[in-house]
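Everything below concerns the one structure shown next.
In what follows, chains carry the letters A, B, and so on, assigned in the order in which the sequence lines appear, proteins first and then strands, with residues in each chain numbered from 1.
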Number of protein chains: 2
Amino acid sequence: MTQLRSDAMKSNRPPTLVDVARVAGVSRATASRVINGVESVDEKMRSKVQAAVQSTGYIPNTVARSLVTRKAGAIALIISGSDGSAEQVLGDPFFGRVTSGVVRSLLPRKVHPTLVLADSDAARADAVSYVRQGKADGALLVSTHSDDTLPGLFVDAGIPAVLFARPGQDVPISYVDLAHELGASLAADRLVSRGCRRVVTIAGPSDVPAAQGRLNGFRQAMARHGQAYVPVAKGNFTRESGELAMTELLAAHPDLDGVFAANDLMAAGALQVLHDHHRAVPTDVAVVGFDDSEPAHFTRPQLTTVAQPVEEMAAEMARILLTHMEDPTLRPTSVIFDPHLVPRESA
Amino acid sequence: MTQLRSDAMKSNRPPTLVDVARVAGVSRATASRVINGVESVDEKMRSKVQAAVQSTGYIPNTVARSLVTRKAGAIALIISGSDGSAEQVLGDPFFGRVTSGVVRSLLPRKVHPTLVLADSDAARADAVSYVRQGKADGALLVSTHSDDTLPGLFVDAGIPAVLFARPGQDVPISYVDLAHELGASLAADRLVSRGCRRVVTIAGPSDVPAAQGRLNGFRQAMARHGQAYVPVAKGNFTRESGELAMTELLAAHPDLDGVFAANDLMAAGALQVLHDHHRAVPTDVAVVGFDDSEPAHFTRPQLTTVAQPVEEMAAEMARILLTHMEDPTLRPTSVIFDPHLVPRESA
DNA sequence: CTGAAAGCGCTAACAA
DNA sequence: TTGTTAGCGCTTTCAG
């Protein structure tokens with residue numbers, strides 16, 4: 001290497017703190033203080049340093065900073081799920097909304113989320129070690145299935161983490177979630193107020209807490225309305241499973257006049273089957289979905305559904321993580337959001 | 001999985017290379033060599049070090065490593081667009097597919113993309129400085145509008161970057177893209193082979209290169225088929241604009257029998273309007289969309305459309321970036337992918 | 001093939 | 001308030 005003693009032009013290497021200090025005629029420490037906004041610096045030196053920063057085009061090397069502060073100034077956004085499911089999750093607009101909320105909430109702090117997939121045991125181990133390596137100070141966890149081991153791994157490792165949705169297992173960890181029961185009761189109220197008397201429901205997988213909550217909430221609300229028994233068919237949140245479930249329910253209960261599906265995709269499938277069976281929606285049968293996702297806009301008739309404030313939930317999740325990163329002694333918290341009904345055509 | 005910490009009484013701090021070296025009875029240098037897979041290490045020392053890594057539970061501190069190697073081992077996935085548009089982009093499943101492809105392609109190398117939004121001038125500056133700080137070795141750029149300044153900024157800064165879609169401005173930068181003209185000609189062929197003789201098209205914004213390509217390609221293909229003139233209405237890729245455009249075209253050309261829309265959303269809008277005007281699809285009017293996005297599945301009739309291999313394109317984009325990061329002297333390359341027709345019901 | 005030593009760029013005691 | 005002095009944990013010449 002050539003010697004870069006002369007400060008006339010050292011264009012090759014990006015300027016470092018020593019360059020700034022030398023140009024400003026102060027010590028590295030003082031330069032550092034100014035750059036980090038430490039109050040107790042003389043105003044004259046401060047402006048000299050700031051000028052030097054300008055003239056040198058100095059950009060702090062966050063890697064070096066991280067090494068000593070032991071803070072990465074970064075967080076991981078982890079998508080967890082069963083083997084190979086991450087692709088599916090990413091393709092779901094729902095995840096995009098989560099990301100959007102997270103990013104928006106992080107923006108003012110200038111921290112950016114790093115996407116880590118954890119849809120296999122190897123990937124899960126990788127995710128944990130990713131954080132352990134010091135590449136992130138905390139983790140945001142979006143997982144699909146309830147027997148996910150990741151929350152436990154993070155708790156054990158003492159890494160700040162917040163979940164989107166209540167953990168399936170009993171783990172002391174912070175999370176945001178939706179009042180699924182309340183959402184389901186909104187759907188029930190709607191159906192009943194339309195005059196539906198023989199209502200059925202298409203539930204999600206019973207190992208998914210959200211699906212559980214929606215089913216329970218719906219049953220309880222219908223019971224309050226006087227319908228003690230609600231026939232259930234189980235789906236797995238796909239459109240096809242919704243079609244299957246609807247077909248089944250129609251066969252067993254030909255006189256049904258209302259359907260609550262635990263998500264929009266299944267509701268869309270139900271709509272299709274009802275159409276094929278020449279049941280007019282909403283006059284013969286009313287249908288309510290859940291999530292207010294894309295498909296809800298594209299069904300005919302358009303789907304009445306229960307919406308969750310995904311972006312706000314995600315933003316809150318990020319906010320919680322930030323506070324827990326600042327003060328790791330904080331106890332786990334949870335914030336539950338209220339859903340609301342989006343009345344469209346199907347009910 | 002339950003790995004107890006070794007008896008050696010080092011504090012609660014995670015083990016470092018010196019710990020490994022001490023346990024293995026070698027120097028830090030040798031330990032480092034083994035950990036980094038340097039060949040020229042005696043087999044005996046190698047295994048001693050490996051054993052020490054096991055027993056200490058050592059995890060390399062990538063931050064320290066980065067400081068000396070000057071490589072972050074990370075890349076940024078930058079979403080650029082007009083002010084505030086990033087939210088929209090993230091909500092689009094299309095972006096999820098891009099992410100999915102990127103992540104999948106990066107997985108074997110254990111690098112994870114960091115999401116950076118650049119939907120304002122401030123955010124764009126932030127994005128550049130993010131990379132300059134050394135937090136990422138390169139950037140993947142997904143931008144919506146063609147007059148994006150970000151590609152230029154990266155080129156000027158000498159930062160390896162690859163775009164999804166050809167740059168709107170003339171910038172020497174690598175990119176992946178779709179053969180939009182070819183895709184449009186696929187649509188034209190389909191329409192013509194169905195017997196359509198009076199074909200119209202709903203184009204996208206003329207400042208978007210992809211929209212340009214689709215329009216040009218469609219015109220040329222129709223010309224080859226003998227229809228010299230193709231009436232055009234311009235939309236902005238939204239469903240509403242598709243409805244507007246279709247209404248307009250229907251008024252001006254009541255006898256039209258085929259429509260090519262530059263994306264699915266506009267095609268869905270067109271379908272709606274045709275339905276309202278009691279034109280049967282595909283018997284009276286055939287409709288072809290573009291993108292094979294979610295909505296294409298939910299229209300009735302289901303939309304015949306042109307699909308692009310988004311995940312593969314994204315994966316290739318990541319691959320290109322990786323090679324350019326390894327060898328920064330490489331010239332910009334581009335890879336153009338072929339679309340294919342997805343025949344469904346509407347044409 | 002191995003080890004000693006010199007930093008990478010920065011912050012944080014501790015003095016002055 | 002400022003400067004001096006140590007490192008953070010790791011890689012990498014350079015001798016041996």
Under the salt bridge (charged side-chain N to carboxylate O under 4.0 Å, His left out) test, which residues partner A:Arg97, sequence neighbours left out?
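Listed in chain order: A:Glu311.
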Heavy-atom count check: over 12 atoms from other residues, nucleotides or ligands less than 6.0 Å from B:Asp170 CG?
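Not more than 12 within 6.0 Å, no.
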Which residues, if any, of residues 32-52 of chain B bring a heavy atom under 4.0 Å of DNA chain D?
B:Ser32, B:Arg33, B:Asn36
How do B:Ala29 and B:Val63 order along DNA chain D: which one's closest nucleotide is nearer the 5' end?
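In this pair, the answer is B:Val63.
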Write down the distance between [atom1] ([X]) and [atom2] ([N]), rounded to a whole number of angstrom.
X       : N     : atom1 : atom2 : answer
B:Arg22 : C:dG3 : CZ    : C1'   : 17 Å
A:Arg65 : C:dG9 : CZ    : C1'   : 10 Å
B:Lys71 : C:dG9 : NZ    : P     : 14 Å

Regarding A:Ser32 and A:Asn36, is there a side-chain donor-to-acceptor distance under 3.5 Å anywhere?
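Result is yes, a qualifying pair exists.
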Pair A:Glu326 + A:Arg319, salt bridge at N-O below 4.0 Å:
no
Over all heavy atoms of both residues, which pair between B:Ala136 and B:Tyr130 is shortest? Give the atoms and the distance, please.
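For B:Ala136 and B:Tyr130, the tightest heavy-atom pair comes out as CB-CE2, 4.1 Å.
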Nearest heavy-atom contact between B:Asp19 and B:Pro14 is OD2-O, 4.3 Å
Outermost nucleotides of DNA chain D that come under 4.0 Å of a non-hydrogen atom of chain B:
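Taking any atom under 4.0 Å from a heavy atom of chain B, the span is D:dG9 to D:dT13.
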Who pairs with A:Arg104 by side-chain contact (heavy atoms from CB on, under 4.5 Å), at least two apart in sequence or on another chain?
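A:Arg104 satisfies side-chain contact (heavy atoms from CB on, under 4.5 Å) with A:Leu107, B:Ala86, B:Glu87, B:Leu117, B:Asp119 only.
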For residues 72-80 of chain B, run the donor-acceptor check on the side chains, cut-off 3.5 Å, and write out each pair with its distance to 0.1 Å, sequence neighbours left out.
from	atom 1	to	atom 2	distance (Å)
B:Ser80	OG	B:Asp148	OD1	3.3
B:Ser80	OG	B:Asp148	OD2	2.4

Out of C:dC10, C:dC8, C:dA4, which has the shortest distance to the side chain of B:Val68?
C:dC8
Spacing of A:Ser27 atom OG and A:Leu17 atom CG [to the nearest 0.5 Å]
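Going from OG on A:Ser27 over to CG on A:Leu17, the span is 9.0 Å.
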Which angle, to the nearest 10 degrees, lies between the helix axes at the two ends of the helix from C:dC1-D:dG16 to C:dA16-D:dT1, each defined by five pairs?
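The helix from C:dC1-D:dG16 to C:dA16-D:dT1 shows an end-to-end axis angle of 30°.
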